[in-house]
Amino acid sequence: MEVSVESVSKSYGFQKAVDNISFKVNTGEIVGFLGPNGAGKTTTMKIITCFMAPDEGNVTVGGISVLKDPEEVKRHIGYVPESNPLYKDMAIIDYLAFTAEIQGVPRAQIRERILEMVNVCGLKSEKHKKIGELSKGYQQRVGLAQALIHNPEVLILDEPTSGLDPNQIVEIRELIKKIGREKTVIMCSHILAEVEATCDRIVIISGGKLVADSTSTSLRKQAQNKEILKVTIEDGDRNVVFNKLKTLDTVELVDFLPEHTQAFEVLSKAGSGSRRAIFRLCVENSWTLTEMTPIERKLEEVFRDLTTVN
């Protein structure tokens, strides 16, 4: 089921929290929704989940407008907030039965849905325990189970791996990927490596405005407007090589790489490439060029560039 955010704006008094943003999430797609604190992420999620209405624009879920029929939209959405509020004195089975009734699951289907969620979310060995007796990782699984109990087509997750240990993070990540094969998933997170490992696409907002909408690979390439190369040259004196690399017309900056005495980081000028010039320099000086590979920018650097206010 497609989620379409169309020219949405929302203000709190004189402050514009969300400023005319638009993006789509397709069925079977996992999209990471990123932004610094105060960027408008939570406001956008509240609008999509019908907790509040936009001042301008619209959101449709499967073609259903959050403005015209919010109750119908809610039936198609499962939501796991960051705090993941759970009744910790309840047993897992009882809690899932309770949430199934709240979500309007027909009584005849509740037992079947509980068994399915226990299996899908990996709760089989813990199903008779009280929620308060579970580890943080298993409590996150219960949160996912309650969000999925009514079989929604859209799943919205806010910081789903917050506070988990590395093993639990991997388990929840794999579970989200499995769920994402059949559902539309929007995941908010501050852990960029987690988003990159889990999501098909990344949407970034900053200051209430949309600043990026692409895959992590494409974002890194788009932001790489200046070529950066790792160059390793044998046979030449390190300082001589360094100084001659700096003289090339296409080169803006050269740095030594400390992990290798003959390795350098070469930054080309905007719109220029330095590979041919470096190769010719090595031939002219009878140096052995053993490595010349592009250095791809990390997603953290791209995120910082896109969301830093100058």
Side-chain angles (χ1 to χ4, degrees), residues 1 3 25 27-33 45 49 61-62 74-191 193-200:
M1 180 171 278
V3 176
V25 186
T27 305
E29 190 175 31
I30 304 175
V31 168
F33 192 56
M45 292 299 98
T49 53
V61 177
K74 288 177 185 178
R75 292 189 182 95
H76 298 280
I77 291 177
Y79 180 40
V80 183
E82 182 179 4
S83 57
N84 194 14
L86 301 167
Y87 292 117
K88 296 188 178 181
D89 58 340
M90 293 183 75
I92 293 173
I93 298 295
D94 294 339
Y95 176 71
L96 293 180
F98 170 68
T99 55
E101 285 190 38
I102 289 176
Q103 293 287 8
V105 178
R107 285 185 177 274
Q109 298 176 19
I110 288 178
R111 186 173 183 279
E112 180 184 344
R113 290 299 299 159
I114 291 172
L115 291 175
E116 185 175 347
M117 289 304 98
V118 164
N119 288 326
V120 168
C121 296
L123 292 165
K124 197 170 183 178
S125 61
E126 310 288 323
K127 63 182 178 181
H128 295 299
K129 288 185 179 180
K130 288 186 176 181
I131 294 170
E133 297 171 353
L134 302 174
S135 68
K136 181 72 183 293
Y138 273 103
Q139 288 187 22
Q140 286 294 90
R141 290 170 182 264
V142 174
L144 282 169
Q146 68 81 21
L148 293 167
I149 195 73
H150 57 301
N151 198 24
E153 292 91 341
V154 178
L155 182 63
I156 295 179
L157 310 172
D158 195 353
E159 301 289 347
T161 61
S162 176
L164 304 187
D165 66 37
N167 290 332
Q168 292 169 338
I169 287 173
V170 171
E171 290 170 0
I172 295 298
R173 179 199 301 166
E174 293 305 314
L175 180 55
I176 292 169
K177 284 183 178 180
K178 181 179 177 182
I179 293 167
R181 293 182 195 136
E182 299 176 351
K183 300 185 184 296
T184 304
V185 181
I186 302 174
M187 185 175 94
C188 289
S189 179
H190 285 96
I191 306 172
E194 192 61 30
V195 170
E196 193 165 16
T198 309
C199 299
D200 304 308

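Please read all numbers here as calculations on a predicted model, not as lab measurements.
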Item to check | Point-to-point distance, once rounded to the nearest 0.5 Å, from CD1 of Ile77 to CD1 of Ile156 | outcome: 4.5 Å
Item to check | Pairing of Glu133 and Lys130 as salt bridge, 4.0 angstrom limit | outcome: no
Checklist entry - Crowded around Lys177 NZ? As in, over 12 foreign heavy atoms under 6.0 Å? => result yes
Next on the checklist: Counting C-beta onward and ignoring hydrogens, is there a side-chain heavy-atom pair between Met117 and Leu123 closer than 4.5 Å?
Outcome noted: no
Checklist entry - In Å, rounded to the nearest 0.5 Å, how long is the span from OG1 of Thr184 to CE of Met1? => result 8.0 Å
Checklist entry - So among Leu134, Ile92, Leu144, which one has a side chain to side chain contact (heavy atoms under 4.5 Å, CB included) with Gln139? => result Leu134
Checklist entry - Which distance, rounded to the nearest 0.5 Å, do you find between the SG of Cys121 and the CD of Gln146? => result 10.0 Å
Item to check | Distance in Å, Leu155 CG paired with Ile186 CD1, rounded so as to fall on 0.5 Å steps | outcome: 9.5 Å
Item to check | Atom pair CD1 (Ile179) and CG (Leu157), whose distance is rounded to the nearest 0.5 Å | outcome: 7.5 Å
Next on the checklist: Between Lys183 and Asn151, is there a side-chain donor-acceptor contact under 3.5 Å, judged purely by atom types and distance?
Outcome noted: yes
Checklist entry - Does a sphere of radius 6.0 Å around NZ in Lys88 hold more than 12 heavy atoms from other residues, nucleotides or ligands, not counting ones at 6.0 Å or beyond? => result no
Checklist entry - Could you give the distance from NE2 (His128) to CG (Asp94), rounded to the nearest 0.5 Å? => result 10.5 Å
